[in-house]
Amino acid sequence: MTLIVDIHTHVYPQSYMDMLRARKTVPYVHDPQSNDPPRLIILSSDDDSSIPLDKRGRPVDASYWDIDVKLAFMRRHGINSSVISLANPWLDFLTPAEAQIWAERINDDLEATCARVNRATDPDGTRALHEKETLFAFGTLPLSAPSPSIVVNEIKRLKSLPHLRGVIMGTSGLGKGLDDERLDPVWEALQETQSLLFLHPHYGLPDEAFGGAEATSRYGHVLPLALGFPLETTIAVTRMLLAGVFDRFPRLMILLAHSGGTLPFLAGRIESCILHERNFIANGGDVQGPKRSVWEVLQTNIYLDAVVYGTAGLKAAVAAAGSTDRLLFGTDHPFFPPLDGKEDEDWPSVTTNYKAINASFGDDAESVAAVLGGNAARILDLK
Ligand code: URA
Ligand code: ZN
């Protein structure tokens with residue numbers, strides 16, 4: 001039987017939802033007066049004052065916070081194991097004084113959830129991974145804490161939690177992006193502990209990139225999610241590359257959401273532009289260019305999820321990564337539910353990814369098995 005592992009699947013724990021309920025600015029949760037479901041207002045384009053509060057953002061249901069709903073979703077789609085992560089915007093918006101306590105609370109909560117579920121599905125710990133349902137988790141970091149040492153301490157503490165397998169992070173870093181030298185102790189700690197960093201977008205692109213706020217919201221979330229998210233990831237990781245992060249931390253392990261945004265497709269162009277700018281000095285800059293090539297980084301530091309919904313994206317990902325060994329199945333649950341309200345049936349957002357994986361590598365059973373679960377089990381040491 002093929003092992004299936006979902007490495008891209010989110011939760012908003014109840015405590016986090018309650019914290020958002022107490023807020024009135026993005027990100028926040030609004031409960032309509034009627035019995036309608038709560039609204040999650042997390043993207044800046046969601047908070048459009050011309051739209052009534054009860055209609056802003058997106059409706060959310062128990063699939064966002066109830067782990068039993070996720071387990072039912074896993075069963076429905078044949079998923080054995082999920083590596084759950086807090087969804088965007090994580091803890092990015094907290095004041096410095098709040099960050100550490102919330103990171104510890106969320107991470108302890110994730111650990112307790114995984115331990116409880118795994119005890120229930122395999123009380124003696126004797127069943128193989130493909131014979132049971134299990135949960136693991138990526139932790140969240142207190143990035144707005146007063147000092148990077150607090151972030152480093154949390155990375156080290158996560159190593160002592162048995163079900164934690166790395167961290168999820170957005171692209172803002174300590175507030176100035178991921179090419180910020182103040183992040184070096186964080187990269188160092190991730191490298192030293194060999195913790196996988198799951199890099200995930202949230203902020204997208206400014207509304208101006210899509211023709212202004214009105215034009216952006218005219219099409220719902222299509223422009224921010226389909227284009228803003230992947231470009232944000234691509235820009236963030238390219239800035240890391242240009243700043244020499246992968247030269248200084250050659251053993252850093254990064255999993256890029258949505259098959260790397262557009263990085264696999266643009267890698268050649270990025271590499272060519274770097275070569276033509278050489279050491280960035282001739283052009284009036286004063287920054288030394290990266291020593292390691294984009295291709296080398298893609299094939300040694302970067303892993304890509306398979307959440308790209310088509311064969312063209314998957315084939316670009318594998319061409320850039322050098323093999324199918326660096327590509328990992330994911331669903332992005334609970335986002336992108338079926339539109340017809342049939343949430344207990346197959347989700348087209350998931351079946352599209354299964355079909356794309358089979359269509360891309362279907363004549364090579366080993367590659368399909370690796371992408372669906374073997375790679376995740378190996379890279380994240382899942383047992
Ligand atoms: N929308 C989000 O806000 N986050 C995701 O991860 C997917 C869709
Ligand atoms: Zn996601």
Side-chain angles (χ1 to χ4, degrees), residues 5-13 16-17 20 26-30 37-48 56-61 63-65 70 73-74 77 79 82-93 106 110 136-140 165-172 196-205 207 210 216-217 219-234 236-237 254-261 303-309 313 317 327-339 343 347-350 352-353 376:
V5 181
D6 181 358
I7 50 77
H8 190 153
T9 177
H10 302 293
V11 284
Y12 288 112
Y16 186 90
M17 287 295 289
L20 294 189
V26 168
Y28 64 101
V29 166
H30 166 73
R39 310 289 303 190
L40 184 66
I41 297 129
I42 53 170
L43 305 180
S44 59
S45 60
D46 288 344
D47 204 24
D48 181 342
R56 268 181 229 173
R58 65 194 106 187
V60 287
D61 63 12
S63 62
Y64 282 75
W65 56 82
K70 190 173 294 289
F73 164 87
M74 288 168 63
H77 294 93
I79 295 164
S82 288
V83 188
I84 56 177
S85 52
L86 183 65
N88 49 300
W90 313 282
L91 306 177
D92 288 9
F93 52 92
I106 297 283
L110 290 171
F136 297 89
F138 292 124
T140 192
R165 287 297 186 275
V167 298
I168 184 164
M169 196 198 265
T171 61
S172 56
L196 185 72
L197 162 63
F198 181 16
L199 181 61
H200 190 292
H202 168 69
Y203 299 94
L205 296 178
D207 287 342
F210 305 121
T216 307
S217 58
Y219 309 109
H221 285 135
V222 173
L223 293 168
L225 292 185
L227 304 180
F229 267 31
L231 261 297
E232 176 190 353
T233 306
T234 311
V237 70
I254 302 203
L255 168 65
L256 298 181
H258 316 126
S259 289
Y303 299 92
L304 304 167
D305 76 19
V307 186
V308 73
Y309 311 102
L327 192 64
L328 295 86
F329 172 76
T331 63
D332 222 347
H333 182 260
F335 297 106
F336 308 113
L339 289 179
E343 290 173 16
W347 287 33
S349 56
V350 179
T352 305
N353 276 326

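Numbering starts at 1 and runs along the sequence shown. Excluded from the calculations below are hydrogen atoms, water molecules and symmetry mates; all remaining heavy atoms, backbone and side chain alike, are included. Ligands are counted one by one from 1 in listed order, and the atoms in each one are counted from 1 as well.
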Measure the shortest side-chain to side-chain distance between [X] and [Y] over non-hydrogen atoms and say whether it is less than 4.5 angstrom.
X: W347; Y: P337; value: yes
X: L110; Y: V11; value: yes
X: I42; Y: P89; value: yes

| request: Give the residue, atom name and distance (to 0.1 Å) of the protein heavy atom nearest atom 4 (N) of ligand 1. | output: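 Going by distance alone, atom 4 (N) of ligand 1 is nearest to N88 OD1, 2.8 Å.
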| message | For atom 8 (C) of ligand 1, what's the nearest protein heavy-atom neighbour? Residue, atom name and distance, please. | response |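 Ranked first by proximity to atom 8 (C) of ligand 1 is F335 CG, 3.5 Å.
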Please list, in number order, the atoms of ligand 1 under 4.0 Å from a heavy atom of [X].
X: I42; answer: 3 (O)
X: R58; answer: 1 (N), 2 (C), 3 (O), 8 (C)
X: F336; answer: 7 (C), 8 (C)
X: H10; answer: 6 (O)

| message | Using a 4.0 Å heavy-atom cut-off, which part of H333 comes near ligand 1: side chain, backbone, both, or neither? | response |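 Within the 4.0 Å criterion, H333 makes no contact with ligand 1.
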| query | If you measure from each non-hydrogen atom of H221 to ligand 1, which part falls under 4.0 Å: side chain, backbone, both or neither? | reply | neither
| query | Stepwise, does the side chain to side chain contact (heavy atoms under 4.5 Å, CB included) test hold for H77 with T331? | reply | CA-CA 10 Å; H77 294 93; T331 63; over 6 Å; no
| request: Check the pair H200 / H10 against ring pair (Phe, Tyr, Trp, His ring centres under 6.0 Å), numbers first and verdict last. | output: CA-CA 11 Å; H200 190 292; H10 302 293; 4.9 Å; yes
| query | What do the steps show when you test K70 against S82 for side-chain hydrogen bond (donor to acceptor under 3.5 Å, both in side chains), and what is the final call? | reply | CA-CA 9 Å; K70 190 173 294 289; S82 288; over 6 Å; no
| message | Please check: side-chain N/O of D6 versus main-chain N/O of H8, any donor-acceptor pairing under 3.5 Å? | response | yes
| query | Got a donor-acceptor contact below 3.5 angstrom from the Y16 side chain to the W90 backbone? | reply | yes
| message | Within the structure, is a non-hydrogen atom of H200 found at a distance of less than 4.0 Å from ligand 1? | response |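 Yes, that is the case, since the closest heavy atom of the residue is under 4.0 Å from the ligand.
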| message | Using heavy atoms and a 4.0 Å limit, tell me yes or no: is H258 in contact with ligand 1? | response | no
| request: Would you check if the Zn ion (ligand 2) lies under 2.8 Å from any N, O or S atom of H258? | output: no
| query | Given OD1 of D332 on one side and NE2 of H8 on the other, what angle do they make at the Zn ion (ligand 2), to 10°? | reply |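 So the angle at the metal works out to 90°.
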